[in-house]
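Okay, structure first, notes after.
This is a predicted model, so every value here is computed, not measured. To find a chain, count down the sequence lines: A is the first, B the second, and so on, and within it residues start at 1.
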There are 2 protein chains.
Amino acid sequence: MSDIELRHLVTMAAVTDEGSFGRAAARLGYTQSTVSQQIAALEKAVGGAVFDRPGGPKPVRITPLGAVVLAEGRDLLARAEAMADTIDRFKAGDGRVDIGTFQSVSNMILPLLVRRLRAEHPGCDIRLSEEETDQPRVGELDLMFFDGRVDGDVEHRKLLDDPYLLVARRGTFPAGPVRRERLDGAPMVAYPEVCDQPRIERALALGGVRPRIVFRTAGNDAVLSMVRAGLGSALLPRLAVHGGDVRSDESLRIHELRPSLPVREVFLLWQAGRTQSPLAARAIEIAVDVAAEIAGRPDS
Amino acid sequence: MSDIELRHLVTMAAVTDEGSFGRAAARLGYTQSTVSQQIAALEKAVGGAVFDRPGGPKPVRITPLGAVVLAEGRDLLARAEAMADTIDRFKAGDGRVDIGTFQSVSNMILPLLVRRLRAEHPGCDIRLSEEETDQPRVGELDLMFFDGRVDGDVEHRKLLDDPYLLVARRGTFPAGPVRRERLDGAPMVAYPEVCDQPRIERALALGGVRPRIVFRTAGNDAVLSMVRAGLGSALLPRLAVHGGDVRSDESLRIHELRPSLPVREVFLLWQAGRTQSPLAARAIEIAVDVAAEIAGRPDS
DNA sequence: CGATTCGATCGGCGAACATGATGGTTTGGG
DNA sequence: CCCAAACCATCATGTTCGCCGATCGAATCG
């Protein structure tokens, strides 16, 4: 019954435009016989004639039922064409991409990524979500920034190594590198124990160094404010101190740690075995480029 | 390329709902093999995978491209269903019908026809047009009322015979039938010389009777007003004097003519060889019924 | 490591499609 | 009045396409 096919509607529209089965066939690259059969099939599907065939050189004329079918059919065909357009645009890189980020991980990378992606695809829909869970829900995202290895069915791309630096109030330590032992029992401000944070604390503890964590917060600004206020020092990844006014802040001093902590690795990861959108694929490439530029930039 | 078929979209929607090719096949009455092939065909048409197949008991998962296709596809399917609904309603008698009427021909029939048609099909779109051309454009109408025969490729259905009556101001003629000769040179108000009017004037002239036409107007009311005002008498078809307040108007008198004029035949006609809508077909039936009732109604 | 679930693939069969030729119908001109 | 032209329907034919049944390979789970 409702076995209407788009091809038949195209043919019907052509017949209406041309006023003749034969000319419509010529336009569509069919034979007159084919057009005749297609219209017959369409008429069987809708349950009534859509054209009156006067016979002879008179042009065929649409019936009232045919007018209804044609009006709705043209609408349907327009929708189908719009669908094809949308698909083509999507394949060219338009569409939506959901990117997850965590804490201060990507405060340097993400703005550049978004800017370049939007420059390439002005119409694209970039959605960012920052969640504070340890084991993130990569399942609902296209891409996710993360520091540290992650298990599960996840593919990853390493973006950069992010070394830890010690940020202290001026006068807390003498200029230059600071030995790890100096942090044992020292008051410190730190991130919550998610992501890479447990790992560096374990690394310190392995050397018998146990700082006194006096405050934990996920906000970079809050950490730095507390350091400025003299609450304690902080071990922050370079990305977190690289930008902003940290280096020009006279009340703060940045020290290297000796021996240095194992670097934090920043990854871009996504669900394994899942087809990426062209936009997401492009985002990965751009993220890698951006990370390489940032990693190669001199420290000050 | 853009060879997307509605059937494939239905299958894709089912797969998305069920999370499995096999269950979708069971729901649709297909085989798993068929669903697999249909999805493959769809993927070839859109140029990319629409599902990720993890393999094993894991449910298939839609890809970003698939999400786009599905969103647009559901819209397309909804349109197609709406189209089927519209067609079904049309075949049940809904839709639009264009009816032409002329002068005072159908002042009695048309209101009843419209009322009954709208009672049967509340949603239908009845359009009336009254044109003052002699040879009407039946080509743009579904149905047309007309008095008198018409040539061309026109099918017709006779509705009723409409005899002419003489309407005069009280006191113009003695009560009862009036002989034709009395109208020779008499002042009369008449319709314009279109439709049936030339025929009755010829019929009078054939008997040597030539009224003095002092005013021609297409409006029934205008004719009667002029008769009341004493401008002259009028030969009007019975339909024109049947309704309204003519018979109860004490200032007017209705006479038969002896010998009577040949009756005016009222037809409903439409273009020959043209498929009509169910609504139009029903309108014809109702018009015939209505006309029969009116013709059978006693004169006063 | 088998049992299970799942999609892909192959061979085959029947329906649908496109073609070319033929026939019936109508129109308009000589 | 008949003939040529335009037009659509139909038929027979070859080919494609859709669907099915069966089988295979992959992944998961107990």
Between [N] atom [atom2] and [X] atom [atom1], what is the distance in whole Å?
X: Ile39(A); N: dC17(C); atom1: CD1; atom2: P; result: 13 Å
X: Ile62(A); N: dC8(D); atom1: CD1; atom2: P; result: 14 Å
X: Gln37(B); N: dG21(D); atom1: CD; atom2: P; result: 13 Å
X: Leu42(B); N: dC17(D); atom1: CG; atom2: P; result: 16 Å
X: Arg53(B); N: dC6(C); atom1: CZ; atom2: P; result: 15 Å
X: Glu43(B); N: dG7(C); atom1: CD; atom2: P; result: 12 Å
X: Arg274(B); N: dT26(C); atom1: CZ; atom2: C1'; result: 17 Å
X: His8(A); N: dA16(C); atom1: NE2; atom2: P; result: 11 Å

Go through the steps for Asp17(A) and Arg27(A) under the test salt bridge (charged side-chain N to carboxylate O under 4.0 Å, His left out), then give the verdict.
CA-CA 10 Å; Asp17(A) 292 345; Arg27(A) 188 214 277 190; 3.6 Å; yes
Can you see if the side chain of [X] gets near the phosphate of [N] - specifically, an N or O under 4.0 Å from OP1 or OP2?
X: Arg23(A); N: dA6(D); value: no
X: Thr34(A); N: dT19(C); value: yes
X: Lys58(B); N: dT28(D); value: yes
X: Ser20(A); N: dC8(D); value: yes

Check Asp153(A) with Lys58(B), please: is the shortest side-chain N to carboxylate O separation under 4.0 Å?
yes
Sidechain N-carboxylate O distance under 4.0 Å for Arg89(B), Glu72(A)
no
Checking all strands, does [X] fall into the base, sugar-phosphate, or nothing category for heavy-atom contacts under 4.0 angstrom?
X: Ser36(A); result: base
X: Val60(B); result: sugar-phosphate
X: Gly29(B); result: sugar-phosphate
X: Pro54(A); result: sugar-phosphate

Please compare Gln38(B) and Gly56(A) by the position of their nearest nucleotide in DNA chain D and report the one closer to 5'.
Gly56(A)
Hey, which of these two, Pro57(A) or Ser33(A), hits DNA chain C nearer its 5' end, going by closest nucleotide?
Ser33(A)
Residue whose nearest DNA chain C nucleotide is more 5′ - Gly55(A) or Arg7(A)
Arg7(A)
Please report the shortest heavy-atom distance between Gly273(B) and Glu155(B), naming the atom on each side.
N-OE2, 3.4 Å
Mind listing the closest non-hydrogen atom pair of Asp161(B) and Glu265(B) along with its distance?
OD1-CG, 3.3 Å
Could you check whether Ser33(A) and Gln37(A), counting side-chain N and O atoms only, form a donor-acceptor pair closer than 3.5 Å?
yes
Hey, is the side chain of Thr31(A) pairing donor to acceptor with the base of dG20(C) inside 3.5 Å?
no
Does a distance-only test, which skips hydrogens and angles, find a donor-acceptor pair under 3.5 Å between the side chain of Gln32(B) and the base of dA8(C)?
yes
